[in-house]
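Atoms considered below: every heavy atom in the structure, side chains included; atoms not considered: hydrogens, waters and symmetry mates.
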Amino acid sequence: MIEKIGIIVIVAFLLSQMKSFRQIVQGEHKTSGKIQLTILFGAFGIISNYTGIEIHHNAIANHSWLVTIGSDNAIANTRIMGVFIGGLIGGPVVGLGSGLIAGIHRYSLGGFTATACAISTILAGVTAGYIGKWRRKSRKITPFFTVTVGMTLEAVQMIIILIMAEPFANAWELVKVIGLPMIIGNGFGTLLFVVIIQSVLGDEERTRAFQTNRTFQIADQTLPFFRQGLNPVSCKEISEILLLGTDADAVAITDDHRVLSHVGAASDHHTPLEGLATGLTKKVLEQGVIHVARAKKDIYCFQDDCPLQAAIVIPLKVHNTTVGALKMYFTHPEKLNEVQQELAEGLANLFSTQLELAQAEQQTKLLKDAEIRALQAQIHPHFLFNAMNTISVLCRTDAERARELLIDLSAFFRSNLQGARQLLIPLEKELEHVKAYLSLEQARFPNKYQIVWEMESGLEKVLLPPFSLQPLVENAIHHAFSNIKKNGKIIISIYAENEFMNIVVEDNGIGIKSERMRVLGGQTVDSKKGTGTAIYNITERLEGIYNGRASLMIRSEVGKGTLITMAIPLDHKGENE
């Protein structure tokens with residue numbers, strides 16, 4: 001029995017090394033998969049029948065390959081084992097199908113236990129199918145559970161033989177001889193069979209986990225360089241990371257018309273910043289699909305003595321447009337195995353995603369820069385004219401004051417130019433901008449409003465977006481006091497609270513109507529003075545730069561005034577500059 005079990009186990013081991021077998025065992029068992037499993041484990045049953053041991057009057061009559069069995073004889077075999085495992089893996093349908101195949105074949109061999117063995121085989125397959133289906137819903141199928149059920153079903157076969165086989169005396173003598181060896185032998189064989197299958201599945205899972213881990217490690221290392229886009233410097237760094245992290249002998253990256261980097265073998269003639277060296281790459285860029293070359297001639301390299309013998313070239317895409325290619329080369333074709341191909345494909349997909357994110361990030365930065373320039377352009381054209389007019393008048397009446405205002409005007413426009421080139425600036429720079437602006441405005445209307453500063457020390461170096469405070473003050477001057485001739489008051493408070501720097505601009509002006517308050521900050525608004533985008537622009541930039549951590553809150557009451565609070569995180573270090 002051990003010899004026969006060994007044959008089945010060896011066959012199972014050999015099958016486990018086949019990709020198709022692993023796919024069948026691991027699959028979701030759709031109709032085609034179930035048919036394959038039924039045939040496979042039914043075949044196991046047939047092999048068990050042919051390799052069984054013929055028993056005649058309690059003695060071994062034949063233990064060679066069986067074709068027929070004498071009418072008074074029976075066989076001891078491992079048929080139940082294969083059918084049982086088939087049902088356990090594939091469910092009731094596979095159990096029934098493989099049981100019918102093995103059972104009918106057993107019946108065709110003859111012997112006084114033929115009917116009993118056929119029925120018990122079919123019953124074992126169906127029972128194992130339902131037990132496996134039930135077990136998978138609640139917990140894992142363990143080897144101990146499998147062996148226990150397998151031995152139980154083998155014992156049930158012995159009982160069916162006693163019930164159905166005639167004469168009973170012969171059946172009883174047979175069971176006494178083969179019962180215990182078959183129960184124990186099939187249990188042991190089932191254990192080995194299940195361990196082999198679980199080992200196969202475990203190896204697949206470990207391999208996938210390792211591949212996934214390696215893929216994400218490489219993706220994590222290359223991300224900072226992909227954020228720079230496809231250029232010779234970033235692509236060289238990426239290629240070197242890939243060369244160390246994979247089994248490739250050379251790695252190259254191209255854009256849509258030239259090689260940006262090539263590291264590893266054949267670097268002498270696969271030169272970066274020149275045209276494409278291989279026809280294979282040209283095909284990938286033109287067709288936008290993966291190409292695998294397993295022979296030197298398929299690479300189409302112009303150099304006859306090129307050491308590269310195999311390659312996989314994968315398109316890099318941004319929004320479904322091919323923008324370049326990732327190339328992994330091998331000096332020996334056998335190194336380009338399925339694992340390397342799956343790794344390359346996974347990396348290319350991740351790299352394409354990273355390129356899309358990098359492009360989106362670049363667009364965001366450009367948009368923020370454009371918003372800053374748009375905000376800068378909000379300076380009313382009449383502001384310069386009014387400032388110059390005020391200064392020209394003072395030149396005749398107060399030359400020193402005119403000189404101070406010219407310096408303030410110069411500082412104001414210098415701040416505009418500097419701010420347009422930066423994403424974040426220190427608070428002290430924004431305050432210089434605001435004070436220069438206020439100096440020019442108060443020179444025009446010396447008694448119209450009063451400015452009160454309330455600032456906590458130690459916040460001068462905190463970073464904030466440029467043109468974030470000045471528009472708030474400008475709004476207060478132009479809108480809050482549009483119908484007020486004097487006694488206006490603007491309080492500018494800056495203080496730290498709960499890990500935020502709060503900048504508060506409060507006025508005692510005319511206030512904001514409720515219908516305008518509902519849209520202020522959420523969209524641009526109509527404005528007779530300026531473009532009407534200042535508050536909206538500040539809100540959008542705070543959201544984009546601080547990822548929702550910063551805020552701008554507006555409270556207003558008609559006839560009493562408006563209070564605007566801008567909260568900036570103190571721990572923001574300016575990574576996005």
Side-chain angles (χ1 to χ4, degrees), residues 19-20 22-23 26-28 203-223 225-227 229-230 234-235 237-256 259-265 270 276-296 298-301 308-359:
K19 181 181 177 182
S20 57
R22 295 197 299 268
Q23 289 176 335
Q26 289 178 301
E28 298 178 357
D203 288 343
E204 291 285 328
E205 290 177 0
R206 284 189 292 272
T207 300
R208 284 198 298 270
F210 175 74
Q211 281 293 81
T212 302
N213 183 57
R214 182 160 62 159
T215 300
F216 281 116
Q217 280 184 342
I218 293 173
D220 183 60
Q221 293 173 352
T222 56
L223 178 58
F225 302 106
F226 272 110
R227 294 177 69 176
L230 291 179
S234 64
C235 289
E237 296 288 345
I238 294 166
S239 297
E240 289 177 346
I241 292 171
L242 285 173
L243 191 64
L244 292 174
T246 67
D247 294 335
D249 296 303
V251 176
I253 298 175
T254 77
D255 58 17
D256 58 357
V259 177
L260 296 175
S261 68
H262 182 102
V263 297
H270 288 259
L276 301 174
T278 65
L280 185 64
T281 305
K282 295 177 182 177
K283 288 173 62 177
V284 171
L285 293 174
E286 291 170 359
Q287 300 171 10
V289 295
I290 299 170
H291 280 271
V292 179
R294 300 191 182 276
K296 181 178 179 179
D298 295 329
I299 298 177
Y300 305 116
C301 181
L308 305 177
Q309 302 289 320
I312 176 170
V313 184
I314 306 173
L316 298 175
K317 297 185 177 183
V318 175
H319 304 302
N320 295 321
T321 300
T322 302
V323 297
L326 167 65
K327 305 190 289 184
M328 293 173 61
Y329 292 107
F330 302 86
T331 55
H332 299 285
E334 61 271 14
K335 293 180 69 175
L336 179 49
N337 53 30
E338 184 181 342
V339 173
Q340 291 300 310
Q341 185 170 336
E342 290 180 356
L343 175 62
E345 291 176 9
L347 286 171
N349 289 334
L350 282 172
F351 291 167
S352 293
T353 301
Q354 288 177 342
L355 285 172
E356 288 187 6
L357 292 174
Q359 188 182 79

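In this structure Y329 satisfies the ring pair (Phe, Tyr, Trp, His ring centres under 6.0 Å) test together with H262, H270, sequence neighbours excluded.
Taking 4.5 Å as the limit, some side-chain heavy atom of K296 sits within range of a side-chain heavy atom of Q309. Side-chain contact between T246 and F330: absent, with no pair of heavy atoms (C-beta onward) separated by less than 4.5 Å. Side-chain contact check for I253 versus L316: some heavy-atom pair is nearer than 4.5 Å. With a 4.5 Å cut-off on side-chain heavy atoms, Q217 and D220 do not count as touching. Side-chain contact check for T322 versus D256: every heavy-atom pair is 4.5 Å or farther apart. Side-chain contact check for I312 versus Q340: every heavy-atom pair is 4.5 Å or farther apart.
T353 contributes atom OG1, which lies 10.5 Å from atom CZ of F226 (distance to the nearest 0.5 angstrom). Between atom CG of residue L308 and atom CD1 of residue I299 there is a gap of 5.5 Å, rounded to the nearest 0.5 Å.
Residue A248 comes nearest to L243 through the heavy atom pair O-CD1, 3.4 Å, listed as atom of the first residue, atom of the second, then distance. Of all non-hydrogen atoms in L350 and A219, the two that sit nearest each other are CD1-CB, 3.9 Å. A pairwise comparison of heavy atoms in A293 and D298 identifies CB-CB, 3.6 Å as the closest pair. T331 approaches A265 most closely through the heavy-atom pair CG2-CB, 4.1 Å. S261 and S239 get closest at one heavy-atom pair: OG-OG, 2.7 Å.
For S234 (side chain) and L230 (main-chain N/O), no donor-acceptor pair under 3.5 Å exists by modelled atom type. Side chain of E240 to main chain of V263: no donor-acceptor pair is present (N/O by atom type, distance under 3.5 Å, no hydrogens or angles).
Of the options L326, L280, T254, a side-chain contact (heavy atoms from CB on, under 4.5 Å) to V313 is made by L280 and by none of the others.
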For this session: Just do the side-chain contact (heavy atoms from CB on, under 4.5 Å) check on M328 and L242 with the steps written out, would you?
Result: CA-CA 9 Å; M328 293 173 61; L242 285 173; 5.7 Å; no
For this session: Could you walk me through whether F225 and I241 pass the side-chain contact (heavy atoms from CB on, under 4.5 Å) test, one step at a time?
Result: CA-CA 11 Å; F225 302 106; I241 292 171; 3.8 Å; yes
Taking only distance into account, with no hydrogens and no angle test, what donor-acceptor pairs under 3.5 Å do side-chain atoms of residues 283-292 form with protein atoms, sequence neighbours excluded?
| from | atom 1 | to | atom 2 | distance (Å) |
| --- | --- | --- | --- | --- |
| Q287 | OE1 | H291 | NE2 | 2.8 |

